[in-house]
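Working notes, beginning with the structure itself.
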Amino acid sequence: MYVQGLTGIESAIVSDVEITTRAYIAAVEQRETGRPFYGMVLAEEPRSRAILHVSASLAAQVPDLDMRRAVIEKFCSGTLAINKEQTSQSLWSTVDTSQQQVTGEFVTLCDALLVRSHAEYARLLPSLKRPRRFEPVVVEPVIPAFERVLPKRPAVVVWAPERPSALVTVHALSLLDFLGDVTFVTSDGAALAGYRGDFVRVGRDLPEILARACCVLCVDPDDPGAAVAFARRGVGVVAPLTSGAHEFVRDVVPFDMGDFRSILTAVQIAVAQPASVRAIPAPPPFPGRPPLPASAELPLVSVVLCTYNRREDVTRALSCLQAQTYPNVEVVVVNDAGENVDDVIARFPRARPHNLPVNGGVLRAIGEGLRQARGEYIQVLADDDWLEPDHVEAIVGAMLRTGASIAHANTMIRYQELVPGAEPKTTGFNTVVFNETTTPTDALIATPVAGQSIIFRRDMLDEIGSWREDCILADQEFQLRAANRYVMVYVDRVTSEWRARGTDNLSSQTDSSVELRRIYEVLHPLPDRPVVERRRVEALANVSGRTPGVFAFPPTLYIGPA
């Protein structure tokens, strides 16, 4: 129902916290199309959710109304002991950390985040690795048309058309002492025995009921839309503080679900205090991306793509490079004396082959490719990795706008299982390993930057040297030198995938701790920086403790076989 009212948004993936796994996968698929999109997570406030559901169960166990009110008041305030534990600890302090991380990674994949209110953003913030930009968007529900009439006595409507009557138990108990007319609009219209007021469903009698209402109590603890809709009708409005209604409605009277008595107090104020609507933000424009700077001729970007006996992989890699939205790209395909793939390369106009007579390994092949590249900007890509269609445009555009010599973006790890005679099978994802910028000091230890996400100016090779062909961790060693000489501009978007395949990977086949020690002690010693040296010792111990042939970074979202 919420999505049906979300008009004016051209492309968005909307989820709630229970199904962000599905939203995550949908976002991965959308990223591969290169089309920008919004992400939205309808985040419930856990304390309010617990109070709405558990209070109904508690009420059924306590027959006396006064005792029932006393028990639920203690429960709402978190002072009722359940199983010898305070409710504030046992019910709404527990966080599903795995789901929280999946939610955070889903937001990372989106171009921008939509929220129903700043209050909802605050609920999402613990899931995020760092604050993300967001746009508030209000969806007002369709309510029956009505014309206000002067009532004969104060009247209140409790608005919960998507919830059964049992979930307004707290509100019904709080209004026992309200002597005016009370009508509960719920999804089932089922009467709660012993409570004051009428219980109805949304129907043809509702306009007459709303016409007499002095105020409407909006039950939804997460969404300000109903409060906005009723404020437009000029009635008093009561809404949960967690809904964020106060951000959009002037003179709304908020209440705290944890303070039982605040509900009745808010109603008593709102019956005499009509609400009105503040300026509501229009639906945000489609999440745009900065255009390339105007130029008569955009500089050539050379992609060095190395391959060896992997015809299917090089075909897939060339397809993503052919799809790049940046118009001036050449691809140098370095075949390291493997099976001839000239026929594959011929199908992609941007690509040209460079066949080596003797197999010398991937690092030597990269070095040869760098020497063959003609572009002003350079990208190195493994044949089993992937660039999203906007990768080159986003990074080179940032470099042209800033004058940077090196830039990178976020990278997602896609875990794959090799299946003989079939496409590799995806088993999981992770977007929190390679998704941050780095500092010169951090780069002296390790850089959280994936090699395939980087583009650099060709003249850097003359100033700091090329990739070392004698260093297994050549990309990390190159980044160490680059980060301590240049600003590494960071494009805050996932634009590439590192496709991890267990032991079918250079870094999984080797003991990287040996090479890391060589970088620290031989290639780049730091005898005058003892604090950094201590951090290096810790990093080396961490790498040495890894199991050979097993990836150090497990998937955050696992979708493979049990």
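- Legend: residues meeting ring-ring contact (aromatic ring centres under 6.0 Å, His included) with Phe434, ordered by chain and number and at least two apart, are Trp498.
- For Arg31 (side chain) and Thr495 (main-chain N/O), no donor-acceptor pair under 3.5 Å exists by modelled atom type.
- Between Arg232 and Glu140 a salt bridge is recorded (basic side-chain N to carboxylate O distance below 4.0 Å).
- A donor-acceptor pair under 3.5 Å is absent between the side-chain atoms of Thr447 and the main chain of Ala443, judged by distance alone.
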#### Entry: salt bridge (charged side-chain N to carboxylate O under 4.0 Å, His left out) evaluation trace for Glu147 with Arg233
CA-CA 8 Å; Glu147 294 292 333; Arg233 305 306 197 275; over 6 Å; no
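- Using modelled atom types, no side-chain atom of Arg250 and backbone atom of Ser276 make a donor-acceptor pair closer than 3.5 Å.
- Shown here are the ring-ring contact (aromatic ring centres under 6.0 Å, His included) partners of Phe37, two or more places apart in sequence or in another chain: there are none.
- The minimum heavy-atom distance linking Asp16 with Val41 is given by the pair C-CG1, 4.1 Å.
- Annotation: ring pair (Phe, Tyr, Trp, His ring centres under 6.0 Å) contacts involving residues 126-168, sequence neighbours excluded, comprise His118-Phe134, Tyr121-Phe134, Trp159-Phe230.
- Not a single donor-acceptor pair under 3.5 Å links the side chain of Arg414 to the backbone N or O of Ala500.
- Counting only distance, with no hydrogens or angles, the side chain of Gln324 and the backbone of Tyr326 share no donor-acceptor pair below 3.5 Å.
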### Task
Apply side chain to side chain donor-acceptor pair (under 3.5 Å) to Glu105 and Tyr24, showing your working.
CA-CA 7 Å; Glu105 292 195 34; Tyr24 190 122; 2.6 Å; yes
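- Using a distance-only test at 3.5 Å, with no hydrogens or angles considered, no donor-acceptor pair links the side chain of Arg201 to the main chain of Pro161.
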#### Entry: Thr20 vs Ser15, side chain to side chain donor-acceptor pair (under 3.5 Å): CA-CA, chis, key distance, verdict
CA-CA 6 Å; Thr20 45; Ser15 178; 5.3 Å; no
### Message
Run the side-chain contact (heavy atoms from CB on, under 4.5 Å) test on Phe286 and Ile9 for me, step by step, so that the C-alpha distance in whole Å, both residues' side-chain angles and the decisive distance to 0.1 Å come before the verdict.
### Response
CA-CA 7 Å; Phe286 198 53; Ile9 304 297; over 6 Å; no
### Asp181 and Arg212: CA distance, side-chain angles, deciding distance, salt bridge (charged side-chain N to carboxylate O under 4.0 Å, His left out) verdict
CA-CA 9 Å; Asp181 294 333; Arg212 296 194 305 267; 5.4 Å; no
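- No donor-acceptor pair under 3.5 Å is formed between the side chain of Ser57 and the backbone N or O of Val54.
- When the shell of 6.0 Å around CZ of Arg22 is examined, it contains 12 or fewer heavy atoms from other residues, nucleotides or ligands.
- Checking side-chain atoms of Thr265 against main-chain N and O of Ser262 turns up no donor-acceptor pair under 3.5 Å.
- The closest side-chain heavy-atom distance from Thr426 to Ile559 is below 4.5 Å.
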### Task
Using the salt bridge (charged side-chain N to carboxylate O under 4.0 Å, His left out) rule, take Arg289 and Asp390 through it: C-alpha gap first, then chi angles, then the decisive distance, then the call.
CA-CA 10 Å; Arg289 294 175 181 169; Asp390 64 337; 2.6 Å; yes
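- Checked options Gln268, Arg69, Arg196; the residue passing with Asp177 is Arg69 (criterion: side-chain hydrogen bond (donor to acceptor under 3.5 Å, both in side chains)).
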### Task
Assess whether side chain to side chain donor-acceptor pair (under 3.5 Å) is satisfied between Glu393 and Thr325, documenting all intermediate values.
CA-CA 6 Å; Glu393 178 179 344; Thr325 56; 2.5 Å; yes
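- In this structure, CZ on Arg68 lies 11.0 Å from OG on Ser55, to the nearest 0.5 angstrom.
- Side-chain N or O atoms of Thr108 include one that pairs as donor or acceptor with a backbone N or O of Gly104 at under 3.5 Å.
- The pair Arg535-Asp442 counts as a salt bridge, with a side-chain nitrogen and a carboxylate oxygen less than 4.0 angstrom apart.
- Remark: Asp256 does not engage Arg261 in a salt bridge, criterion side-chain N to carboxylate O under 4.0 Å.
- Residues Gly234 and Arg148 approach most closely at O-NH1, 3.6 Å, considering heavy atoms.
- We find the OG-CE distance between Ser77 and Met257 to be 12.5 Å, quoted to the nearest 0.5 Å.
- Between Glu247 and Arg116 no salt bridge is recorded (no basic side-chain N to carboxylate O distance below 4.0 Å).
- Salt-bridge check for Arg163 with Asp220: passed, with a basic side-chain N closer than 4.0 Å to an acidic carboxylate O.
- Between the side chain of Glu135 and the backbone N or O of Ala112, no donor-acceptor pair lies under 3.5 Å.
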### Task
Check step by step if side chain to side chain donor-acceptor pair (under 3.5 Å) holds for Ser165 and Thr186.
CA-CA 6 Å; Ser165 296; Thr186 64; 2.8 Å; yes
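- The number of heavy-atom neighbours closer than 6.0 Å to CD of Glu208, taken from other residues, nucleotides and ligands shown, is 12 or below.
- Between Val228 and Ile280 there is a side-chain heavy-atom pair separated by less than 4.5 Å.
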